[in-house]
Amino acid sequence: MNIRELAKALGLSTSTVSRALNGYQDVNAQTRQRVQDMANALGYRPDAGARRLVRGRADAIGIVYSAAVDNLGNPQFLEMASGLSDRLEQDHLDLLLAVAQHEGEWSMVERLFRGGRVDAVIVPNTFVQDERVEQLLEKGYPFVAYGRTSTHADYSWFDFDNERGSHLAVNHLLGLGHRRFAYVHAPLELNFASQRHVGFLAALRAAGLDCPLSYQVSGVNDRRGGLGAVARLLALEAPPTAIVVDNNLGGVGVIRGLMDAGIRVGADVSVVVHGDIPSDTLLPGMHVTTVSQATPYQSGQTMGDMLVRVLKHPEAGPYQVLRQPALIIGTSSSLCRN
DNA sequence: TGATCTTCACGGTCTTAGCT
DNA sequence: AGCTAAGACCGTGAAGATCA
């Protein structure tokens with residue numbers, strides 16, 4: 001069923017049918033109702049390809065992420081995508097999730113734009129130096145970055161105050177009497193990891209403390225990495241009394257590793273984790289102290305809102321939202337006993 | 001003259017007809 | 001067989017036509 005067949009069934013031109021279905025005011029109300037009724041009865045749906053061809057719009061937003069980053073294994077990512085999708089739906093925009101398996105992320109982004117498959121993209125997992133952001137700016141493609149980069153002045157982004165989050169974590173642990181810290185973090189090329197790392201070290205320095213390199217475990221952004229980090233830290237001559245982890249999945253791995261080693265988390269060692277612990281995580285009796293952000297669903301909705309504004313009112317941009325974190329105190333942190 | 005409807009051109013890709 | 005030109009596909013929107 002295409003518009004031509006629908007128009008023939010109604011005895012109208014295709015144009016009148018199109019205009020009736022698209023809310024043009026110069027179509028008689030009765031005609032409009034008749035067209036809508038017939039379209040419903042015959043199950044008419046406009047051909048998305050043809051519509052895209054004419055409008056020059058895809059009515060879709062894309063997120064391209066690398067298969068190397070385990071986003072789909074992170075419930076927070078899926079929750080964010082859900083919030084994003086819900087918000088976009090209000091403006092009749094679809095969300096297109098694409099995985100860059102072998103092809104580079106930027107290459108896929110460019111292919112989606114050139115093919116008219118998306119009107120704008122979300123740039124997830126931003127790097128300190130991010131080719132995707134630089135290329136998007138150069139080509140003039142609309143986007144919202146989920147996180148800043150080192151050059152964050154001239155484009156739209158949504159981010160958290162990561163440095164402040166680290167200050168909250170460190171100050172909380174300092175207040176509990178901890179002096180020997182370890183830091184477990186994602187690769188520092190990632191902007192959020194870089195900012196949290198800077199904040200962590202600055203907060204320690206402000207207290208006259210240091211975190212030697214042997215107490216810093218890099219490249220941890222999943223559960224397995226967290227387990228490995230614990231093995232390294234427990235092998236130290238003087239293991240840390242407090243561990244800060246800059247990402248939630250790594251944090252789950254660290255806590256699991258400590259528990260498996262027979263260490264009482266929150267009693268023998270205190271742990272603070274950036275980001276919320278996935279609700280399906282099996283850490284019985286454990287309420288993890290976290291540096292909490294807005295819920296991922298809310299973040300997704302906010303970015304959806306920003307994308308709509310980027311598309312409708314680009315001249316009023318760039319749109320930039322910096323959310324403040326809050327410390328949620330659980331049972332994984334307590335007074336230092338050493 | 002305003003309300004309502006139709007005609008026609010447009011876009012990129014694919015198929016088909018016609019030619020060498 | 002290989003190439004090129006023409007036309008179809010589909011929905012939209014500007015411009016034009018019709019009618020009361």
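Protein chains get the first letters and strands the later ones, always in sequence-line order, with residue 1 at the start of each.
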Return the polar atom pairs (N/O with N/O) between nucleotides 3-5 of chain B and the protein under 3.5 Å, or none.
{"from": "dT4(B)", "atom 1": "OP1", "to": "N28(A)", "atom 2": "ND2", "distance (Å)": "3.4"}
{"from": "dC5(B)", "atom 1": "OP1", "to": "T31(A)", "atom 2": "OG1", "distance (Å)": "2.7"}
{"from": "dC5(B)", "atom 1": "OP2", "to": "N28(A)", "atom 2": "N", "distance (Å)": "2.9"}
{"from": "dC5(B)", "atom 1": "N4", "to": "D26(A)", "atom 2": "OD2", "distance (Å)": "3.4"}

For H287(A) and S332(A), what are the C-alpha separation, side-chain angles and deciding distance, and is it a side-chain contact (heavy atoms from CB on, under 4.5 Å)? CA-CA 6 Å; H287(A) 296 289; S332(A) 70; over 6 Å; no

Under a single-linkage definition using a 4.5 Å side-chain heavy-atom cutoff for Ile, Leu, Val, Met, Phe, Trp and Tyr, are V254(A) and Y183(A) assigned to the same hydrophobic cluster? no

Going hydrophobic residue to hydrophobic residue with side-chain gaps under 4.5 angstrom, can you get from L233(A) over to V273(A)? yes

Rounding to 10°, can you tell me the angle the first-five-pair axis of the helix from dT1(B)-dA20(C) to dT20(B)-dA1(C) makes with its last-five-pair axis? 60°

What orientation do F77(A) and Y65(A) show, parallel under 30°, tilted 30 to 60°, or perpendicular over 60°? perpendicular

Distance col, row I255(A):CD1 vs L227(A):CG, nearest 0.5 angstrom, shows 11.0 Å

Distance (rounded to the nearest 0.5 Å) between E138(A) CD and Q135(A) CD: 5.5 Å

Could you write out each protein N or O paired with an N or O of nucleotides 7-11 of chain C at a distance under 3.5 Å?
{"from": "dC10(C)", "atom 1": "OP2", "to": "N2(A)", "atom 2": "ND2", "distance (Å)": "3.2"}
{"from": "dG11(C)", "atom 1": "OP1", "to": "Y44(A)", "atom 2": "OH", "distance (Å)": "3.4"}
{"from": "dG11(C)", "atom 1": "OP1", "to": "D47(A)", "atom 2": "N", "distance (Å)": "3.4"}
{"from": "dG11(C)", "atom 1": "OP2", "to": "I3(A)", "atom 2": "N", "distance (Å)": "2.7"}

Partners passing side chain to side chain contact (heavy atoms under 4.5 Å, CB included) against D268(A) (at least two apart in sequence or in another chain): I263(A), R264(A)

Compute the centroid of each ring, for F158(A) and then for Y319(A), and state whether the two points are separated by less than 6.0 Å. no

So the side chain to side chain donor-acceptor pair (under 3.5 Å) pairs with at least one residue in residues 198-215 of chain A (sequence neighbours excluded) are none

The salt bridge (charged side-chain N to carboxylate O under 4.0 Å, His left out) partners of R19(A) (sequence neighbours excluded) come to D26(A)

